[in-house]
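Everything on this sheet refers to the single structure shown next.
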Amino acid sequence: MQRVSVSKISDYTDQEVTINGWLYNIRSSGKLMFPEIRDGSGIIQGVVVKSAVSERVWEDFSKLTQESSIKVKGTVSKHPKKEGVFELQINDVEIIQIAEPYPITPKEHGVEFLMDRRHLWLRSPRQVSILRVRNEIIQTIRDYMYDNGFILFDTPIFTPNACEGTSTLFSTEYFDMGKAYLSQSGQLYAEAGAMALGKVYTLGPTFRAENSMTRRHLTEFWMMEPEMAFYDIDDDMDLIEDFLENVVQRVLKNCRKELELLGRNVSKLENVKKPFPRITYDEAIEILIKKDIPLIRKTSNGEEQIRPFPWGEDFGAPHEEAIVEDFDKPVMVHRWPAEAKSFYMKRDPSNPKIALGVDVLAPEGFGEIIGGSQREDNFAELEKRIIEHQLPLEEFQWFLDLRRYGSVPHSGFGLGIERMVNWICNLENIREAIPFARRPNRITP
RNA sequence: UCGACAGUAGCUCAAUGGUGGAGCAUUCGGCUGUUAACCGAAGGGUUACAGGUUCAAGUCCUGUCUGUCGAGCCA
């Protein structure tokens with residue numbers, strides 16, 4: 001007896017097989033039953049004919065509830081009405097467990113209800129599809145990096161200081177050494193890796209204690225950060241472009257079914273091919289001015305609209321949207337006002353007010369998916385920046401060492417895995433892009 | 001943290017300030033090709049919580065809690 005997975009069922013036409021799985025749904029029609037069985041790889045409709053099975057089998061199926069675990073035996077046949085669809089003519093069943101009444105019915109539910117039962121919600125076809133796409137994205141990243149000579153370089157999660165000195169971090173007691181913080185980025189350590197191995201990447205969880213309650217934020221999320229020695233900002237953008245094209249095209253190739261189930265308009269993804277638009281911050285501002293999008297600044301008695309958009313300010317959601325809407329590919333915005341960016345970014349040699357950073361904005365309004373830059377490689381400049389940003393100089397001595405001993409131009413970027421999933425799957429909220437989302441108001445299940 | 005909106009049966013939602021309903025789920029019955037199957041019946045309620053206005057509050061007012069969306073922060 002062959003034990004087969006539903007995804008491989010078409011290879012077994014007219015053969016008797018066993019499928020191990022769960023009852024997804026069942027319809028009965030007097031002397032006929034149509035149980036739908038899912039096994040993680042797919043869902044298949046079974047057919048139980050009362051006159052063709054033993055009384056015991058018929059009664060067993062009458063008892064089954066949604067999500068009961070079973071082993072079913074039957075013959076694979078073509079669906080009489082649907083082309084290319086297979087079903088299982090069932091002749092035997094072994095009940096592993098009859099499930100208690102299952103809370104998630106095949107009807108509509110609200111988000112809170114589903115998130116409270118996330119451990120069960122994961123079984124639904126939509127969630128299974130998203131997680132398969134997530135798997136494909138991560139596998140593609142690993143393959144791409146490996147094939148292009150990058151070395152996986154795991155960075156620590158406990159860190160003694162605020163890496164970039166900006167966002168709020170989670171803290172915990174670290175023995176008698178005071179406070180430790182959960183890493184918000186592996187970048188600084190990856191820079192050490194790049195000086196040792198040339199091209200490295202880190203892929204792991206990162207943590208932000210910001211109280212961000214939006215459709216694009218998690219408190220715990222996965223980030224992929226490559227770091228390359230002897231790469232300038234333009235090399236960095238070349239890599240981003242090639243990398244993103246590679247990931248999107250492979251997901252399209254290997255996850256068609258999943259994307260279709262999710263209702264994803266795949267033609268928009270098919271379009272994601274090199275070259276991507278590259279615009280400078282200055283050019284982006286021109287777009288904002290042309291479209292008359294003001295800077296909105298909060299004041300004591302409300303908001304104030306400033307136009308034309310002043311040079312030096314960072315972009316908010318409406319600005320990103322306006323910049324992206326004319327393009328059908330990810331847009332790379334580069335060469336930012338230094339004041340709006342992190343301390344470690346290298347200044348443009350031709351204009352010290354400019355930092356050699358790049359943000360990649362996904363199309364269709366999904367927002368920033370990548371932030372990258374060329375790093376400051378000059379010892380004196382970097383030390384000055386650390387002091388200016390009032391960061392603890394002692395904690396950064398090792399980081400400065402990278403500029404003391406054989407400093408070279410180097411660059412890298414950070415890609416938010418969940419934001420990538422969010423975009424490729426066309427999700428409404430990022431909480432569906434990770435098995436167990438952590439947000440400011442949720443830590444369970 | 002700020003702003004907008006919401007909270008009614010297990011779930012998704014109705015209900016002019018005047019006797020709280022429906023579909024699904026559950027239980028029982030029917031149906032030999034069903035597709036969120038269908039048909040019939042039954043059970044199921046402290047209307048988030050605390051106050052207030054009113055002859056009368058699910059409905060109006062105040063506060064609290066919870067959630068969703070948006071802003072800021074960012075990947």
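This one's a predicted model, so the numbers in the text were calculated from it and none came from an experiment. Throughout, a chain's letter reflects where its sequence line sits, starting with A, and its residues are numbered from 1.
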(message) When you measure from the side-chain N and O atoms of A:Arg27 to the phosphate of B:rA37, is any distance below 4.0 Å, counting only OP1 and OP2?
(response) yes
Would you indicate what A:Gly367 reaches in the nucleic acid, counting non-hydrogen atoms under 4.0 angstrom: base, sugar-phosphate, or nothing? nothing
Practice problem: Could you check whether A:Leu218 gets within reach of a base, just the sugar-phosphate, or nothing at all, counting any heavy atom under 4.0 Å? | Solution: base
Atom CD1 of A:Ile26 and atom C1' of B:rA36 are separated, to the nearest Å, by 15 Å
A:Asn211 atom CG is separated from B:rG70 atom P, nearest whole Å, by 15 Å
If the cut-off is 4.0 Å, is A:Asn25 near the phosphate of B:rA37, judged by side-chain N/O to OP1 or OP2?
yes
Checking B:rG33, B:rU34, B:rA36 against the side chain of A:Glu108 (C-beta onward), the nearest is B:rA36
Of the listed B:rU34, B:rA71, B:rC69, the closest approach to the A:Ala317 side chain comes from B:rA71
Taken to the nearest whole Å, CG/A:Asp359 to P/B:rC73 is 12 Å
In whole angstroms, the gap separating P of B:rA75 from CD1 of A:Ile417 amounts to 14 Å
Closest of B:rG33, B:rC73, B:rC69 to the A:Arg215 side chain is B:rC69
*Answer yes or no: side-chain N or O of A:His109 and base N or O of B:rC11 forming a donor-acceptor pair under 3.5 Å.*
no
Please list, for nucleotides 23-32 of chain B, all pairs of protein and nucleotide N/O atoms separated by less than 3.5 Å.
residue	atom	partner	partner atom	Å
B:rC31	N3	A:Gly30	N	3.4

Practice item. Look at all strands and tell whether A:Leu415 reaches a base, only sugar-phosphate, or nothing, counting heavy atoms closer than 4.0 Å. Key: nothing
Practice problem: Indicate, with a heavy-atom threshold strictly under 4.0 Å, whether A:Asp116 touches base, sugar-phosphate, or nothing. | Solution: nothing
To the nearest angstrom, the CG-P distance between A:Asp314 and B:rA75 comes to 10 Å
Open item on the list: Between A:Phe243 and A:Tyr144 (judged by ring centroids, cut-off 6.0 Å), do the two rings come close enough to count as a pair?
Closed with: yes
Taking a pair to mean Watson-Crick or G-U wobble geometry with both distances below 3.5 Å, B:rG20 pairs with none
A:His319 NE2 to B:rC73 C1', in whole Å, measures 15 Å
Of the listed B:rC11, B:rA71, B:rG33, the closest approach to the A:Phe113 side chain comes from B:rC11
- Output, in order, the C-alpha distance, side-chain angles, deciding distance and verdict of side chain to side chain donor-acceptor pair (under 3.5 Å) for A:Thr202 and A:Thr155. CA-CA 7 Å; A:Thr202 164; A:Thr155 54; 3.3 Å; yes
Quick check on the 6.0 Å ring-centre criterion: do A:Tyr102 and A:Trp22 meet it?
no
* Per-pair stack call A:Phe34 and B:rA37, 5.5 Å, 30° -> no
Practice item. Can you tell me, in whole Å, how much space there is between the C1' of B:rC55 and that of B:rC13? Key: 32 Å
Considering only heavy side-chain atoms of A:Arg439, the closest of B:rG33, B:rU35, B:rC69 is B:rC69
Taking B:rA75, B:rC73, B:rU34 as options, the one with an atom nearest any side-chain atom of A:Glu210 is B:rC73
Run the ring pair (Phe, Tyr, Trp, His ring centres under 6.0 Å) check on A:Phe396 and A:Phe343 step by step: do they pass? CA-CA 12 Å; A:Phe396 284 90; A:Phe343 77 96; 5.6 Å; yes
(message) Between the base of B:rG33 and the side chain of A:Glu87, is one N or O donor paired with an acceptor at under 3.5 angstrom?
(response) yes
(request) Identify whether any heavy atom of A:Met33 sits under 4.0 Å from a base atom; if not, whether one sits that close to sugar-phosphate; answer base, sugar-phosphate or nothing. (result) nothing
Original post:
Rounding to the closest angstrom, what is the interatomic distance between B:rU53 and B:rG17 at atom C1'?
Top reply: 12 Å
Indicate, with a heavy-atom threshold strictly under 4.0 Å, whether A:Arg431 touches base, sugar-phosphate, or nothing.
sugar-phosphate
Of the listed B:rA75, B:rC74, B:rU35, the closest approach to the A:Arg216 side chain comes from B:rC74
*Start with the C-alpha distance between A:Gln127 and A:Arg132, add both sets of side-chain angles, then the distance that settles side chain to side chain donor-acceptor pair (under 3.5 Å), and finish with yes or no.*
CA-CA 9 Å; A:Gln127 300 307 314; A:Arg132 286 181 178 279; over 6 Å; no
Q: Applying side chain to side chain donor-acceptor pair (under 3.5 Å), run through A:Asp39 and A:Ser41 and close with a yes or a no.
A: CA-CA 6 Å; A:Asp39 75 342; A:Ser41 77; 2.8 Å; yes
### Query
Taking the same atom, C1', in B:rA57 and in B:rU8, what whole-Å distance lies between them?
14 Å
Requested in this report: Give me the ring orientation class for A:His319 and A:Phe315: parallel if the planes are under 30° apart, tilted from 30 to 60°, perpendicular past 60°.
Outcome: tilted
Any strand, both distances under 3.5 Å, Watson-Crick or G-U wobble: B:rA75 pairs with none
